[in-house]
K.L.:
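Shown below is the structure under consideration.
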Protein chains: 2
Amino acid sequence: MKITLRQVEIFVAVADAGHFGRAAEALEISQPTVSQEVSRLERALGVALLDRSGRSAKLTQAGEAMATEGRQLLTHANQVVREVQLYEPSRIRTARIVASPSVVNRLLPAVISRAEQSLSSVRIEDVLVDTGGVTARLVSEHADIGLGRFLDATEGYESEVIVREQVFVAISRKHPLANAAHLELPELGDLPLLLWPREQNPAYFDYLLEICTSRGLSPLLLVSPPRIVGSRLYLLSESRAFSLVSAALIGHLPEDLIAIPLAQPATLALEMQWRSSDNRPQLTALRDLIREVASAG
Amino acid sequence: MKITLRQVEIFVAVADAGHFGRAAEALEISQPTVSQEVSRLERALGVALLDRSGRSAKLTQAGEAMATEGRQLLTHANQVVREVQLYEPSRIRTARIVASPSVVNRLLPAVISRAEQSLSSVRIEDVLVDTGGVTARLVSEHADIGLGRFLDATEGYESEVIVREQVFVAISRKHPLANAAHLELPELGDLPLLLWPREQNPAYFDYLLEICTSRGLSPLLLVSPPRIVGSRLYLLSESRAFSLVSAALIGHLPEDLIAIPLAQPATLALEMQWRSSDNRPQLTALRDLIREVASAG
DNA sequence: TAATTTTCATAGGCTAAGGCTATCTAAACT
DNA sequence: AGTTTAGATAGCCTTAGCCTATGAAAATTA
């Protein structure tokens, strides 16, 4: 059997923490996994690294050696990665992203910062913001990766749901129902639903409306002026109305709004889209990173 | 995503060979696996390592860097393993093996040489040879690992089949049937079956006999003198008789004998046994190695 | 330039490494 | 002795790393 960088990483964490449980926390994995992988490393080496007689993680002499050497090996590995990324040879060093406004606000900051940390070979150059025309921007070659809801399936383009989020009702804190644990939509009575003009993204528009009607509410509609991108919620603060928002937006609500779960839950999918033929490693890696960030919540 | 030592190893092989297919051969894996793992490495790095425009594996600048750095990283990793194995702390540096004669001859040489190469933490000290009493030697603490056929299941001891081999008829090259592609046992007529004294390993003895009777041959028995361990086959050269042997022995037959497959195939299991409580990494590692050698044929 | 060969990529399936939760055992502290 | 704490064990799930079979494209030959 052979040793793995992962096993070394885990063992080093244990050596650092002097403790399996704390090592597990530090690595954000479970304690049994740490136990298991340390044992695997020991049997791959054929050497006892820890003295299990007590209940603390005391290193044997070999363990000390492994910790020291292991740290160096991990550093070396990271060094190699950074080194190689400097030689990025492709003419296209930069990735261009189109995204709908809400996505831009919440997902992209994390993506950009993580990309700077660990993907020195990719630079995110343009970020286009477009509510309806995400797919169109891909097709017209203005962007390499599209992010949004209810994107158009198009020949030659892959699209994939990267996360599904719970739908919440956004409403003024002053509303009588503001403190409810969850909400049956009909309780809202004739409070109007704030939406953007349908043409901007008809499928999305219809889906939110469908959520209401299928739960027994045929709401009045309050349509926001076109082109007031990203500010639907601020408009909501001003008006007596409610809206439906995804879980990820909860942290970004204006002060005077509150998000309440639906009694009958519904979800909203966030999709990523790209040219099928585009398998440049820089972009594949960036797509991987976006998936990771999205599913980390 | 993170890079793996294995991915680096595979990429380095490609760089060395200048060719996916030949790299696959060198690593003894399939070509698609090489393709796949190289792509994975590229996307983990976010960098193109190879120029795929032609049909040869031309390295990009980043690829050159990865090859050089990668070779160093692999060397470093091996170095770490050797380094750590020097500090083997356990008092029991040595493993003691009991095995039946045929196993000693064919399996152990490979095990010992592989252990010296890659398990510097383990030294195989005693090799006891005992036809019948393998389990007894474990129980009496004379050995740590037992290898043989039809071992006795005993409380507190694990045992495990490590390989199943085809059974062949061993017979003189001068026998009229010596050139048959395969053999119905009754064709042997009243040629006697050479076996050791039943007491040495009754279950094994009975099993071989059962193979004959279930195929319609109730052979005469020629019983070898006790304690002539490992020489059943040489005895066979001298006498007009046949015997049943496992596939692994074919290469080790005396010149004047030949091995013929059975028309109705049968198999023979080789087992490994050890104290359940014995999980010293040195021995766990050695058991892993034995499994590997056994299944590699 | 059309056919053939060579070489890498893609598709789909299997196995085991690496992850999880739940639970057990044993050391250490009242 | 009883309780708490830490690590090991058991049983399950998901996906990396492997396979075979097949496809597509570059290079070679007819």
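Below, chain A is the first sequence line, B the second, and so on; all start at residue 1. Values below: all heavy atoms of this structure, side chains included; hydrogens, waters and symmetry mates excluded.
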K.L.:
So, using side chain to side chain donor-acceptor pair (under 3.5 Å) as the criterion, who are the partners of A:Thr33 when residues are at least two apart?
P.N.:
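With sequence neighbours excluded, A:Thr33 shows a side chain to side chain donor-acceptor pair (under 3.5 Å) to A:Ser30, given in chain and number order.
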K.L.:
Checking A:Tyr157 now: which residues fulfil ring-ring contact (aromatic ring centres under 6.0 Å, His included) with it, not counting sequence neighbours?
P.N.:
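A:Tyr157 satisfies ring-ring contact (aromatic ring centres under 6.0 Å, His included) with no residue once adjacent residues are dropped.
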K.L.:
Nearest whole Å is fine: how far is C:dG18 C1' from A:Ile3 CD1?
P.N.:
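Atom-to-atom, A:Ile3 to C:dG18, this comes out as 16 Å.
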K.L.:
Could you tell me how far apart B:Glu37 (CD) and D:dT15 (C1') are, to the nearest whole angstrom?
P.N.:
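For the pair B:Glu37 CD and D:dT15 C1', the rounded distance is 12 Å.
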K.L.:
To the nearest 10 degrees, how far apart in direction are the end axes of the helix from C:dT1-D:dA30 to C:dT30-D:dA1, each fit to five base pairs?
P.N.:
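Here the helix ends are tilted 30° relative to one another.
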K.L.:
In chain order, what residues pass the salt bridge (charged side-chain N to carboxylate O under 4.0 Å, His left out) check against A:Glu165, with sequence neighbours excluded?
P.N.:
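In terms of salt bridge (charged side-chain N to carboxylate O under 4.0 Å, His left out), with neighbours along the sequence ignored, A:Glu165 is linked to A:Arg106, A:Arg149.
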K.L.:
Considering only side-chain heavy atoms of A:Thr33, which listed nucleotide, D:dG17, C:dA17, C:dC20, is closest?
P.N.:
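Taking heavy atoms from C-beta onward, the closest nucleotide is C:dC20.
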K.L.:
In whole angstrom, give the distance that lies between atom CG of B:Leu27 and atom P of D:dC18.
P.N.:
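The answer, rounded to whole Å, is 9 Å.
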K.L.:
Mapping A:Ile29 and B:His19 to their closest nucleotides on DNA chain C, which lands nearer the 5' end?
P.N.:
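Result of the comparison: B:His19.
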K.L.:
Going by number, which of residues 4-15 of chain A have a non-hydrogen atom under 4.0 Å from DNA chain C?
P.N.:
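Nucleic-acid contacts, sorted: A:Thr4, A:Arg6, A:Gln7, A:Ile10.
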K.L.:
May I have all residue pairs that pass salt bridge (Lys or Arg N to Asp or Glu O under 4.0 Å) and include part of residues 13-26 of chain B, sequence neighbours excluded?
P.N.:
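Every pair satisfying salt bridge (Lys or Arg N to Asp or Glu O under 4.0 Å) with a residue in residues 13-26 of chain B: B:Asp16-B:Arg71.
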K.L.:
Among residues two or more places apart or on two chains, list those pairs meeting salt bridge (Lys or Arg N to Asp or Glu O under 4.0 Å) that have a residue in residues 34-49 of chain B.
P.N.:
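Residue pairs with at least one partner in residues 34-49 of chain B: A:Asp288-B:Arg43, B:Glu37-B:Arg40, B:Glu42-B:Arg52.
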K.L.:
Round to the nearest Å and state the distance from B:Lys2 atom NZ to C:dG18 atom C1'.
P.N.:
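Going from NZ in B:Lys2 over to C1' in C:dG18 covers 15 Å.
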K.L.:
Atom CD of B:Glu292 to atom C1' of C:dT15: distance rounded to whole Å?
P.N.:
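From B:Glu292 CD to C:dT15 C1': 16 Å.
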K.L.:
Do A:Glu64 and A:Thr68 get their side chains close enough for a donor-acceptor pair, meaning under 3.5 Å?
P.N.:
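No - no donor-acceptor pair under 3.5 Å links their side chains.
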K.L.:
Taking side-chain contact (heavy atoms from CB on, under 4.5 Å) as the definition, give me every residue that meets it alongside B:Gln79, ordered by chain and number, with sequence neighbours left out.
P.N.:
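Partners of B:Gln79 under the side-chain contact (heavy atoms from CB on, under 4.5 Å) test: B:Arg82, B:Glu83.
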K.L.:
List, with names and distances, any nitrogen or oxygen atoms from the protein found under 3.5 Å away from nitrogen or oxygen atoms belonging to nucleotides 9-13 of chain C.
P.N.:
residue : atom : partner : partner atom : Å
C:dA9   : OP1  : B:Arg52 : NE           : 2.5
C:dA9   : OP1  : B:Arg52 : NH2          : 3.2
C:dA9   : OP2  : B:Ser35 : OG           : 2.7
C:dA9   : N7   : B:Gln31 : NE2          : 3.0
C:dA9   : N6   : B:Gln31 : OE1          : 3.2

K.L.:
By salt bridge (charged side-chain N to carboxylate O under 4.0 Å, His left out), which residues pair with A:Arg287, not counting sequence neighbours?
P.N.:
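By the salt bridge (charged side-chain N to carboxylate O under 4.0 Å, His left out) rule, A:Arg287 matches no residue at all.
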K.L.:
What is the distance, to the nearest angstrom, from the CG atom on A:Leu50 to the P atom on D:dG7?
P.N.:
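About 9 Å, once rounded to whole Å.
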K.L.:
Between C:dT6 atom P and B:Arg22 atom CZ, what is the distance in whole Å?
P.N.:
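The answer, rounded to whole Å, is 12 Å.
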K.L.:
May I have the distance from B:Leu41 (atom CG) to D:dA16 (atom P), rounded to whole angstrom?
P.N.:
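Atom-to-atom, B:Leu41 to D:dA16, this comes out as 14 Å.
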K.L.:
Check each of A:Leu45, A:Val34, A:Leu49, A:Ile3 against A:Phe11 using the side chain to side chain contact (heavy atoms under 4.5 Å, CB included) test, and report the only one that passes.
P.N.:
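Result: among A:Leu45, A:Val34, A:Leu49, A:Ile3, A:Leu49 is the only option passing the side chain to side chain contact (heavy atoms under 4.5 Å, CB included) with A:Phe11.
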K.L.:
Got a sec, which residues hit ring-ring contact (aromatic ring centres under 6.0 Å, His included) with B:His182, two or more places apart in sequence or on another chain?
P.N.:
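Checked B:His182 against ring-ring contact (aromatic ring centres under 6.0 Å, His included); zero matches.
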K.L.:
The side chain of A:Arg40 is closest to which nucleotide in this list: C:dC20, C:dG18, D:dG17?
P.N.:
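Comparing C:dC20, C:dG18, D:dG17 against the side chain of A:Arg40, the answer is C:dG18.
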K.L.:
Among residues at least two apart in sequence or on other chains, which ones pass side chain to side chain donor-acceptor pair (under 3.5 Å) with A:Gln72?
P.N.:
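Result, side chain to side chain donor-acceptor pair (under 3.5 Å) vs A:Gln72: none returned.
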